[in-house]
Protein chains: 2
Amino acid sequence: MLKLTKKADYGLIAVRHLAEHADLGACSAKDLAEMYGIPQEALAKIVQRLARSKLLTSQQGTNGGYVLARDPREISALEVIRAIEGPLFITSCNSSTKACSQSSKCTVREPLQKVSRTIEDVLSKLTVWELREGSEEAPAAGGHLVREDELVRIEVSGGNYGK
Amino acid sequence: MLKLTKKADYGLIAVRHLAEHADLGACSAKDLAEMYGIPQEALAKIVQRLARSKLLTSQQGTNGGYVLARDPREISALEVIRAIEGPLFITSCNSSTKACSQSSKCTVREPLQKVSRTIEDVLSKLTVWELREGSEEAPAAGGHLVREDELVRIEVSGGNYGK
DNA sequence: CCGAATGGCGATTATTTTGGTCGGATTGCG
DNA sequence: CGCAATCCGACCAAAATAATCGCCATTCGG
């Protein structure tokens, strides 16, 4: 249905958090999960993948956790999503490994791949820096201003999440 | 994984075929299915939905079948996909019916909905006419997909959060 | 009237997604 | 040193979703 999985959502949330709170040092998977009400084990696996893909660096031991490996302005949403879900194709008869049974007859795959490329393009131009909601920052690409009052400021208000 | 379901693929293939062979009169679901190696019953349901959505007209009885209801240049891929799969959301915590458990904490949904809109935009500009014969069909000068700079401009549109 | 075709719904199976468990390795702190 | 916090990786189970198939009613054409 043309949607991202929850894993990708979780990953983006995590990366975004790390981008916004980079100054606070490493953040453990457990903390991230509790902060956003995400099952710990699920998120743990996701950030592990992100670390394996060199998007995050992990720090083991007490007070360890994860930190962004690069500048959030240089990490695209596409990279995050791909690290978690693998290469994305819009067509179900994916063109990568093997052709589907209709391969020779599938007449729409090629036009749809152009759509796919366009989507990748959009996602590759969206940096995790811009995922933070106060992204009034305007990179050289131009445009993309966000008025503060248009945004839904979702404030973490101290309470206990999850259990 | 950000991909269309097979149903949508099938539907696009069928619609495309009807667009290309409009002169041959009605085409039955069975013929379509055999032609492209699609399970008959699966395709039958799909074209039924397309007919219900007024994208195709059905002709019952012997030598019946389906015909495009409108000019293929006026039917967008988005219409076809939506008729088959319903409204599409890129976020898994879809904003339509109910908010997900992380609703109040989901910090990336809004930026991603902008991406979603862009995708819909691309798909709404891709007509089934353009699906025929690969690609070099450029109706409007400057490429029929969204222009690059148009894509970067991801506009904040006040927008619908939750309901 | 009969055969062929669509219409519509349900049922079953396959695939994906999701969340969880376990045992282990590594690091830092007291 | 030893313990606790943390990351790591594989394996697994339940839930959700998608894909396919089947049945019967209806409608059309000869």
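Chain naming here is simple, since letters A, B, ... match the order of the sequence lines and numbering starts at 1 in each.
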K.L.:
Check this for me, if you would: do A:E79 and A:R70 make a salt bridge, where the nitrogen-to-carboxylate-oxygen distance has to be below 4.0 angstrom?
P.N.:
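Yes, this pair counts.
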K.L.:
Heavy atoms only, 4.0 Å cut-off, all strands: where does A:K45 land among base, sugar-phosphate and nothing?
P.N.:
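The answer is base, as A:K45 lies within the cut-off (heavy atoms under 4.0 Å) of a base atom.
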K.L.:
Considering only C:dG19, C:dG7, D:dA19, which nucleotide approaches the side chain of B:Q48 most closely?
P.N.:
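So the side chain of B:Q48 is nearest to C:dG7.
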K.L.:
Of the non-hydrogen atoms in A:A33 and A:L43, which two are nearest, and what is the gap between them?
P.N.:
N-CD2, 3.4 Å
K.L.:
To the side chain of A:E41, which of D:dA19, C:dG20, C:dT6 is closest?
P.N.:
C:dG20
K.L.:
Once you apply a heavy-atom cut-off of 4.0 Å, does A:Q40 come out as touching a base, just sugar-phosphate, or nothing?
P.N.:
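Here A:Q40 touches no strand at all.
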K.L.:
Is A:E41 salt-bridged to A:K45, going by a charged N under 4.0 Å from an acidic O?
P.N.:
no
K.L.:
Taking only the side-chain heavy atoms of A:S28 (C-beta and beyond), determine which of C:dT21, D:dC7, C:dT18 contains the nearest atom.
P.N.:
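Among C:dT21, D:dC7, C:dT18, the one nearest the side chain of A:S28 is D:dC7.
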K.L.:
NA contact type, B:A44, heavy-atom cut-off 4.0 Å: base, sugar-phosphate, or nothing?
P.N.:
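Nothing: the residue B:A44, judged by heavy atoms under 4.0 Å, touches no strand.
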K.L.:
Under 4.0 Å between a Lys/Arg side-chain N and an Asp/Glu carboxylate O for A:D121 and A:K125?
P.N.:
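Judged by the 4.0 Å cut-off on N to carboxylate O distance, A:D121 and A:K125 do form a salt bridge.
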K.L.:
Assign each of A:T62 and A:A51 to its nearest nucleotide of DNA chain D by heavy atoms, then name whichever residue's nucleotide is nearer the 5' end.
P.N.:
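The 5'-side residue here is A:T62.
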K.L.:
For the pair made of CG in B:L56 and P in C:dT6, what is the distance, rounded to whole Å?
P.N.:
12 Å
K.L.:
Tell me which of A:N63 and A:A42 sits closer to the 5' end of DNA chain C, going by the nucleotide each one is nearest to.
P.N.:
A:A42
K.L.:
Would you tell me if any nitrogen or oxygen in the side chain of B:Y10 comes within less than 4.0 Å of OP1 or OP2 on D:dA19?
P.N.:
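Checking D:dA19 against B:Y10, no side-chain N or O comes under 4.0 Å of OP1 or OP2.
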K.L.:
Does OP1 or OP2 of D:dT6 have a side-chain N or O of A:S58 closer than 4.0 Å?
P.N.:
no
K.L.:
Consider the side chain of B:R52, meaning its heavy atoms from C-beta on, and name the nucleotide among C:dG8, C:dG7, C:dT18 that approaches it most closely.
P.N.:
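It is C:dG8.
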K.L.:
Return whichever of A:Q59 or B:Q60 has its heavy-atom-nearest nucleotide of DNA chain D closer to the 5' end.
P.N.:
A:Q59
K.L.:
May I ask you to evaluate whether B:T5 reaches the phosphate of D:dA19, defined as a side-chain N or O under 4.0 Å from OP1 or OP2?
P.N.:
yes
